[in-house]
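Notes follow once the structure below has been shown.
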Amino acid sequence: MDPERLAGPKRFIGGSPESQYPMDDSTVIVTGSSKGIGRALAERFATEGANVVTNSRDEARATAVAEELLDAGGTAVGIGADMSDRAEVQALVDGAVEEFGSLDIMVNNAGNTVIGPALEMEPEDWQRVIDVNLTGVFFGMQAAGQQMAAQGTGGQIVNISSMIGEQGFAQRAPYCASKAGVNNLTRVFAVELAEHDVHVNALAPGFVRTDITEQTQDAAGYTDEDVRKRAPLGRFGTTEEIANCVEFLAGGDHYLTGEVLRADGGWMANAWGPDE
Ligand SMILES: NC(=O)c1ccc[n+]([C@@H]2O[C@H](COP(=O)([O-])OP(=O)(O)OC[C@H]3O[C@@H](n4cnc5c(N)ncnc54)[C@H](OP(=O)(O)O)[C@@H]3O)[C@@H](O)[C@H]2O)c1
(Lines give C-alpha, C1' and ligand atoms only; values in the text may rest on other atoms or scores of the structure.)
Protein backbone atom coordinates (compact mmCIF):
# COMPACT_ATOMS: atom_id res chain seq x y z
CA MET A 1 0.00 0.00 0.00
CA ASP A 2 1.03 3.58 -0.45
CA PRO A 3 1.63 5.27 2.96
CA GLU A 4 1.94 8.71 1.34
CA ARG A 5 -1.49 8.41 -0.14
CA LEU A 6 -2.87 7.36 3.26
CA ALA A 7 -1.18 10.32 4.95
CA GLY A 8 -2.69 12.79 2.47
CA PRO A 9 -6.18 14.29 2.60
CA LYS A 10 -8.92 11.67 2.93
CA ARG A 11 -10.24 10.68 -0.45
CA PHE A 12 -13.90 9.91 -0.78
CA ILE A 13 -15.16 7.40 -3.22
CA GLY A 14 -17.17 9.19 -5.86
CA GLY A 15 -14.86 12.17 -5.33
CA SER A 16 -16.86 13.99 -2.69
CA PRO A 17 -17.34 13.93 1.08
CA GLU A 18 -21.07 13.76 0.39
CA SER A 19 -20.60 10.39 -1.25
CA GLN A 20 -23.06 7.84 0.08
CA TYR A 21 -20.24 5.50 1.06
CA PRO A 22 -17.18 7.37 2.31
CA MET A 23 -14.48 4.71 2.40
CA ASP A 24 -13.01 5.73 5.74
CA ASP A 25 -16.21 4.68 7.48
CA SER A 26 -16.40 1.37 5.68
CA THR A 27 -15.52 -2.17 6.63
CA VAL A 28 -14.57 -4.35 3.70
CA ILE A 29 -13.89 -8.07 3.44
CA VAL A 30 -11.70 -9.17 0.53
CA THR A 31 -11.84 -12.95 0.22
CA GLY A 32 -8.70 -14.64 -1.07
CA SER A 33 -6.43 -11.69 -0.31
CA SER A 34 -3.23 -13.53 0.60
CA LYS A 35 -1.83 -12.79 -2.88
CA GLY A 36 -2.66 -11.73 -6.43
CA ILE A 37 -5.65 -9.57 -7.24
CA GLY A 38 -7.17 -9.94 -3.75
CA ARG A 39 -4.02 -8.70 -2.09
CA ALA A 40 -3.90 -5.65 -4.37
CA LEU A 41 -7.54 -4.95 -3.51
CA ALA A 42 -6.84 -5.20 0.24
CA GLU A 43 -3.93 -2.76 -0.16
CA ARG A 44 -6.10 -0.36 -2.10
CA PHE A 45 -8.94 -0.38 0.43
CA ALA A 46 -6.46 0.09 3.29
CA THR A 47 -4.90 3.01 1.44
CA GLU A 48 -8.36 4.55 1.12
CA GLY A 49 -8.77 4.33 4.89
CA ALA A 50 -11.25 1.43 5.09
CA ASN A 51 -11.23 -1.20 7.82
CA VAL A 52 -9.95 -4.18 5.88
CA VAL A 53 -10.52 -7.86 6.60
CA THR A 54 -8.03 -10.01 4.71
CA ASN A 55 -8.75 -13.68 4.13
CA SER A 56 -7.15 -16.93 3.03
CA ARG A 57 -7.83 -20.57 3.74
CA ASP A 58 -4.84 -20.26 6.03
CA GLU A 59 -5.19 -17.96 9.06
CA ALA A 60 -1.44 -17.23 9.14
CA ARG A 61 -1.38 -16.10 5.49
CA ALA A 62 -4.41 -13.84 6.05
CA THR A 63 -2.86 -12.39 9.20
CA ALA A 64 0.53 -11.79 7.52
CA VAL A 65 -1.09 -9.53 4.91
CA ALA A 66 -3.15 -7.73 7.56
CA GLU A 67 0.02 -7.08 9.57
CA GLU A 68 1.70 -5.56 6.54
CA LEU A 69 -1.27 -3.24 6.07
CA LEU A 70 -1.13 -2.28 9.76
CA ASP A 71 2.61 -1.59 9.51
CA ALA A 72 1.93 0.74 6.59
CA GLY A 73 -0.62 2.70 8.64
CA GLY A 74 -3.83 0.98 7.62
CA THR A 75 -6.55 -0.70 9.68
CA ALA A 76 -6.80 -4.43 9.10
CA VAL A 77 -7.38 -7.86 10.56
CA GLY A 78 -6.79 -11.26 8.97
CA ILE A 79 -9.32 -14.08 9.26
CA GLY A 80 -8.78 -17.59 7.92
CA ALA A 81 -11.84 -19.14 6.26
CA ASP A 82 -12.41 -21.61 3.44
CA MET A 83 -14.98 -19.97 1.17
CA SER A 84 -16.39 -23.35 0.17
CA ASP A 85 -17.51 -23.98 3.76
CA ARG A 86 -20.73 -22.13 4.73
CA ALA A 87 -19.95 -22.15 8.47
CA GLU A 88 -16.47 -20.71 7.89
CA VAL A 89 -17.88 -18.00 5.62
CA GLN A 90 -20.38 -17.08 8.34
CA ALA A 91 -17.55 -16.94 10.87
CA LEU A 92 -15.64 -14.63 8.51
CA VAL A 93 -18.55 -12.17 8.30
CA ASP A 94 -19.25 -12.43 12.04
CA GLY A 95 -15.55 -11.86 12.78
CA ALA A 96 -15.49 -8.71 10.62
CA VAL A 97 -18.54 -7.30 12.42
CA GLU A 98 -17.15 -8.22 15.83
CA GLU A 99 -13.88 -6.45 15.01
CA PHE A 100 -15.19 -3.32 13.27
CA GLY A 101 -18.92 -3.11 14.08
CA SER A 102 -20.36 -3.44 10.57
CA LEU A 103 -19.85 -4.86 7.10
CA ASP A 104 -20.25 -2.39 4.24
CA ILE A 105 -18.36 -3.92 1.30
CA MET A 106 -17.92 -7.59 0.44
CA VAL A 107 -15.52 -8.51 -2.36
CA ASN A 108 -15.86 -12.17 -3.33
CA ASN A 109 -12.50 -12.69 -4.98
CA ALA A 110 -11.20 -16.12 -3.83
CA GLY A 111 -10.86 -18.49 -6.73
CA ASN A 112 -9.01 -21.44 -8.20
CA THR A 113 -8.89 -23.34 -11.48
CA VAL A 114 -8.01 -26.68 -13.00
CA ILE A 115 -6.74 -27.17 -16.53
CA GLY A 116 -7.70 -30.21 -18.58
CA PRO A 117 -10.01 -31.50 -21.30
CA ALA A 118 -13.70 -31.57 -20.38
CA LEU A 119 -14.09 -35.15 -21.58
CA GLU A 120 -11.52 -36.40 -19.09
CA MET A 121 -12.29 -34.09 -16.16
CA GLU A 122 -12.37 -35.99 -12.86
CA PRO A 123 -15.47 -35.28 -10.75
CA GLU A 124 -13.33 -34.12 -7.81
CA ASP A 125 -11.49 -31.58 -10.02
CA TRP A 126 -14.81 -30.25 -11.34
CA GLN A 127 -16.15 -30.02 -7.79
CA ARG A 128 -13.07 -28.30 -6.33
CA VAL A 129 -13.46 -25.37 -8.73
CA ILE A 130 -17.23 -25.14 -8.48
CA ASP A 131 -17.10 -25.33 -4.66
CA VAL A 132 -14.89 -22.24 -4.35
CA ASN A 133 -15.63 -20.15 -7.45
CA LEU A 134 -19.41 -20.57 -7.55
CA THR A 135 -20.71 -22.00 -4.27
CA GLY A 136 -18.16 -19.91 -2.34
CA VAL A 137 -19.42 -16.73 -4.01
CA PHE A 138 -23.00 -17.78 -3.24
CA PHE A 139 -22.07 -18.32 0.44
CA GLY A 140 -20.21 -15.00 0.50
CA MET A 141 -23.14 -13.05 -0.96
CA GLN A 142 -25.60 -14.83 1.31
CA ALA A 143 -23.73 -14.16 4.56
CA ALA A 144 -22.79 -10.58 3.61
CA GLY A 145 -26.26 -9.83 2.23
CA GLN A 146 -27.93 -11.02 5.43
CA GLN A 147 -25.63 -8.84 7.52
CA MET A 148 -26.09 -5.77 5.31
CA ALA A 149 -29.87 -6.21 5.24
CA ALA A 150 -29.93 -6.49 9.05
CA GLN A 151 -27.77 -3.35 9.41
CA GLY A 152 -30.14 -1.37 7.20
CA THR A 153 -27.39 0.95 5.96
CA GLY A 154 -26.99 -0.36 2.42
CA GLY A 155 -23.82 -1.89 1.09
CA GLN A 156 -21.80 -3.01 -1.87
CA ILE A 157 -21.02 -6.53 -3.03
CA VAL A 158 -18.47 -7.00 -5.81
CA ASN A 159 -17.86 -10.47 -7.24
CA ILE A 160 -14.68 -11.15 -9.18
CA SER A 161 -15.80 -13.04 -12.25
CA SER A 162 -13.80 -13.45 -15.47
CA MET A 163 -14.20 -12.54 -19.12
CA ILE A 164 -14.25 -16.28 -19.82
CA GLY A 165 -17.53 -16.52 -17.95
CA GLU A 166 -18.83 -15.36 -21.34
CA GLN A 167 -16.65 -17.46 -23.62
CA GLY A 168 -15.88 -21.12 -24.09
CA PHE A 169 -12.21 -21.46 -23.21
CA ALA A 170 -10.88 -24.96 -23.94
CA GLN A 171 -9.42 -26.88 -20.97
CA ARG A 172 -11.34 -24.84 -18.42
CA ALA A 173 -14.81 -26.36 -18.20
CA PRO A 174 -15.42 -25.88 -14.45
CA TYR A 175 -13.82 -22.44 -14.40
CA CYS A 176 -15.92 -21.14 -17.33
CA ALA A 177 -19.07 -22.69 -15.84
CA SER A 178 -18.35 -21.22 -12.41
CA LYS A 179 -17.79 -17.70 -13.72
CA ALA A 180 -20.88 -17.83 -15.96
CA GLY A 181 -22.78 -18.88 -12.84
CA VAL A 182 -21.30 -15.99 -10.86
CA ASN A 183 -22.49 -13.53 -13.52
CA ASN A 184 -26.10 -14.66 -13.26
CA LEU A 185 -26.01 -15.10 -9.46
CA THR A 186 -24.85 -11.47 -9.34
CA ARG A 187 -28.06 -10.48 -11.12
CA VAL A 188 -30.27 -12.57 -8.82
CA PHE A 189 -28.75 -11.10 -5.66
CA ALA A 190 -28.87 -7.59 -7.16
CA VAL A 191 -32.62 -7.93 -7.64
CA GLU A 192 -33.24 -9.47 -4.21
CA LEU A 193 -31.02 -7.07 -2.24
CA ALA A 194 -32.07 -3.84 -3.99
CA GLU A 195 -34.77 -3.20 -1.38
CA HIS A 196 -31.96 -3.01 1.20
CA ASP A 197 -29.97 -0.58 -0.96
CA VAL A 198 -27.29 -3.22 -1.39
CA HIS A 199 -25.75 -3.03 -4.87
CA VAL A 200 -24.41 -6.28 -6.29
CA ASN A 201 -22.03 -6.12 -9.26
CA ALA A 202 -19.32 -8.23 -10.81
CA LEU A 203 -15.98 -7.34 -12.34
CA ALA A 204 -14.82 -9.64 -15.13
CA PRO A 205 -11.07 -9.29 -15.69
CA GLY A 206 -9.21 -10.50 -18.74
CA PHE A 207 -5.66 -11.83 -18.33
CA VAL A 208 -3.85 -10.40 -15.31
CA ARG A 209 -0.37 -11.62 -14.34
CA THR A 210 -0.72 -13.48 -11.00
CA ASP A 211 0.07 -16.97 -9.63
CA ILE A 212 -3.05 -18.39 -11.25
CA THR A 213 -1.97 -17.29 -14.74
CA GLU A 214 1.70 -18.16 -14.12
CA GLN A 215 0.87 -21.67 -12.96
CA THR A 216 -1.69 -22.54 -15.61
CA GLN A 217 -0.28 -20.88 -18.71
CA ASP A 218 1.94 -23.77 -19.84
CA ALA A 219 -0.75 -26.40 -19.23
CA ALA A 220 -3.29 -24.29 -21.11
CA GLY A 221 -0.92 -23.91 -24.04
CA TYR A 222 -0.90 -20.16 -24.70
CA THR A 223 2.00 -17.75 -24.74
CA ASP A 224 2.46 -14.15 -23.63
CA GLU A 225 2.57 -13.28 -27.31
CA ASP A 226 -0.89 -14.84 -27.82
CA VAL A 227 -2.30 -12.54 -25.14
CA ARG A 228 -0.56 -9.49 -26.60
CA LYS A 229 -2.01 -10.21 -30.03
CA ARG A 230 -5.53 -11.10 -28.88
CA ALA A 231 -6.13 -8.18 -26.48
CA PRO A 232 -6.46 -4.91 -28.42
CA LEU A 233 -4.56 -3.08 -25.64
CA GLY A 234 -1.73 -5.49 -26.43
CA ARG A 235 -0.78 -6.59 -22.91
CA PHE A 236 -1.87 -8.28 -19.67
CA GLY A 237 -3.83 -6.14 -17.21
CA THR A 238 -2.27 -5.22 -13.87
CA THR A 239 -3.63 -5.85 -10.39
CA GLU A 240 -3.58 -2.06 -9.87
CA GLU A 241 -5.88 -1.57 -12.85
CA ILE A 242 -8.24 -4.19 -11.47
CA ALA A 243 -8.16 -2.41 -8.10
CA ASN A 244 -9.15 0.85 -9.83
CA CYS A 245 -12.26 -0.82 -11.26
CA VAL A 246 -13.23 -2.59 -8.03
CA GLU A 247 -12.75 0.63 -6.07
CA PHE A 248 -15.18 2.36 -8.41
CA LEU A 249 -17.79 -0.40 -8.05
CA ALA A 250 -17.33 -0.72 -4.28
CA GLY A 251 -17.55 3.06 -3.82
CA GLY A 252 -21.25 2.85 -4.55
CA ASP A 253 -21.55 6.36 -5.99
CA HIS A 254 -23.26 5.02 -9.08
CA TYR A 255 -26.52 3.66 -10.41
CA LEU A 256 -25.06 0.22 -11.15
CA THR A 257 -26.47 -3.00 -9.80
CA GLY A 258 -26.69 -6.43 -11.40
CA GLU A 259 -23.92 -5.34 -13.77
CA VAL A 260 -20.99 -7.40 -15.03
CA LEU A 261 -18.24 -4.96 -15.93
CA ARG A 262 -15.40 -6.26 -18.09
CA ALA A 263 -11.81 -5.16 -17.58
CA ASP A 264 -10.19 -7.14 -20.37
CA GLY A 265 -8.15 -4.73 -22.51
CA GLY A 266 -10.82 -4.99 -25.22
CA TRP A 267 -10.51 -8.77 -25.61
CA MET A 268 -14.25 -9.43 -25.76
CA ALA A 269 -14.85 -6.46 -28.06
CA ASN A 270 -12.45 -7.88 -30.62
CA ALA A 271 -14.13 -10.12 -33.19
CA TRP A 272 -10.85 -11.36 -34.67
CA GLY A 273 -8.42 -13.70 -32.98
CA PRO A 274 -4.63 -13.27 -33.14
CA ASP A 275 -3.06 -12.65 -36.55
CA GLU A 276 -1.50 -15.75 -38.04
N1 LIG B 1 -5.36 -13.54 -12.87
C2 LIG B 1 -6.22 -13.48 -13.88
O3 LIG B 1 -5.83 -13.39 -15.06
C4 LIG B 1 -7.70 -13.50 -13.60
C5 LIG B 1 -8.56 -13.24 -14.67
C6 LIG B 1 -9.92 -13.24 -14.46
C7 LIG B 1 -10.42 -13.51 -13.20
N8 LIG B 1 -9.58 -13.79 -12.17
C9 LIG B 1 -10.16 -14.08 -10.86
O10 LIG B 1 -9.60 -13.24 -9.88
C11 LIG B 1 -9.64 -13.90 -8.61
C12 LIG B 1 -8.25 -13.86 -8.00
O13 LIG B 1 -7.35 -14.55 -8.86
P14 LIG B 1 -5.77 -14.35 -8.79
O15 LIG B 1 -5.31 -14.30 -10.19
O16 LIG B 1 -5.41 -13.26 -7.88
O17 LIG B 1 -5.36 -15.78 -8.18
P18 LIG B 1 -4.26 -16.20 -7.11
O19 LIG B 1 -3.06 -15.31 -7.19
O20 LIG B 1 -4.08 -17.65 -7.29
O21 LIG B 1 -4.99 -15.91 -5.71
C22 LIG B 1 -6.12 -16.66 -5.34
C23 LIG B 1 -6.53 -16.27 -3.92
O24 LIG B 1 -7.69 -17.03 -3.56
C25 LIG B 1 -7.46 -17.64 -2.30
N26 LIG B 1 -8.24 -18.85 -2.18
C27 LIG B 1 -8.24 -19.93 -3.01
N28 LIG B 1 -9.11 -20.85 -2.56
C29 LIG B 1 -9.69 -20.33 -1.45
C30 LIG B 1 -10.69 -20.78 -0.56
N31 LIG B 1 -11.26 -21.99 -0.70
N32 LIG B 1 -11.05 -19.98 0.48
C33 LIG B 1 -10.46 -18.78 0.66
N34 LIG B 1 -9.51 -18.30 -0.17
C35 LIG B 1 -9.13 -19.07 -1.20
C36 LIG B 1 -5.96 -17.85 -2.23
O37 LIG B 1 -5.55 -17.90 -0.89
P38 LIG B 1 -4.87 -19.16 -0.16
O39 LIG B 1 -4.23 -20.01 -1.20
O40 LIG B 1 -3.89 -18.50 0.77
O41 LIG B 1 -6.01 -19.82 0.56
C42 LIG B 1 -5.45 -16.58 -2.91
O43 LIG B 1 -5.39 -15.53 -1.95
C44 LIG B 1 -10.16 -15.31 -8.88
O45 LIG B 1 -11.55 -15.36 -8.61
C46 LIG B 1 -9.91 -15.49 -10.36
O47 LIG B 1 -10.76 -16.43 -10.95
C48 LIG B 1 -8.22 -13.80 -12.34
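Ligands are counted one by one from 1 in listed order, and the atoms in each one are counted from 1 as well. Quantities reported herein were computed from a predicted structural model and do not represent experimental measurements.
Taking any N or O of S84, backbone or side chain, none lies under 3.5 Å from an N or O belonging to ligand 1. In terms of polar-atom proximity, G38 is not counted as a contact of ligand 1, lacking any N or O under 3.5 Å from an N or O of the ligand. Where the criterion is an N or O separation shorter than 3.5 Å, residue side chain and backbone included, R57 meets it with respect to ligand 1. In terms of polar-atom proximity, S56 is counted as a contact of ligand 1, with an N or O under 3.5 Å from an N or O of the ligand. Checked against a 3.5 angstrom limit, the closest N/O atoms of N109 and ligand 1 fall inside it. At least one N or O atom of M83 sits closer than 3.5 Å to an N or O atom of ligand 1. At least one N or O atom of S34, backbone or side chain, sits closer than 3.5 Å to an N or O atom of ligand 1.
In this structure, the protein non-hydrogen atom closest to atom 16 (O) of ligand 1 is I37 N, 2.8 Å. The shortest contact between atom 35 (C) of ligand 1 and any protein heavy atom is with A110 CB, 3.6 Å. Nearest non-hydrogen protein atom to atom 7 (C) of ligand 1 is S161 O, 3.1 Å.
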- Message: Let's go through D58 and S56 carefully: what are the C-alpha distance in whole Å and the side-chain angles of both, what is the deciding distance for side chain to side chain contact (heavy atoms under 4.5 Å, CB included) to 0.1 Å, and is it a yes or a no?
- Response: CA-CA 5 Å; D58 180 82; S56 152; 3.6 Å; yes

- Task: Run the numbers on T186 and N183 for side-chain hydrogen bond (donor to acceptor under 3.5 Å, both in side chains), then give the verdict.
- Result: CA-CA 5 Å; T186 297; N183 291 350; 5.4 Å; no

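Under a 4.0 Å heavy-atom criterion, K179 is in contact with ligand 1. Proximity of G136 to ligand 1 is not established, as no heavy-atom distance is less than 4.0 Å.
Contact annotation: for S33 versus ligand 1, heavy atoms closer than 4.0 Å belong to the backbone alone. Heavy atoms of T210 found under 4.0 angstrom from ligand 1 belong exclusively to the side chain.
Judged by distance alone, the side chains of D82 and S84 do bring a donor and an acceptor atom under 3.5 Å apart. Judged purely by distance below 3.5 Å, without hydrogens or angles, the side chains of R209 and Q217 pair a donor atom with an acceptor atom. Side chain to side chain, Q151 and Q147 meet the donor-acceptor criterion of an N or O pair below 3.5 Å.
Of the listed residues (T213, D264, I160), the one carrying the non-hydrogen atom nearest atom 9 (C) of ligand 1 is I160. Of the candidates D82, V208, V89, V208 brings a heavy atom nearest to atom 2 (C) of ligand 1. In the candidate list G80, G111, A60, G111 is nearest to atom 24 (O) of ligand 1, counting heavy atoms.
Contact between S102 and D104 at its shortest, heavy atoms only, is OG-OD2, 3.1 Å. Listed here is the closest heavy atom pair of A50 and V28: CB-CG1, 3.9 Å.
Ring centroids of F169 and Y175 are separated by 6.0 Å or more, keeping the two rings apart.
Salt bridge absent: R128 and D131 never bring a charged side-chain N and a carboxylate O closer than 4.0 Å.
No side-chain heavy atom of K35 sits under 4.5 Å from any side-chain heavy atom of T210.
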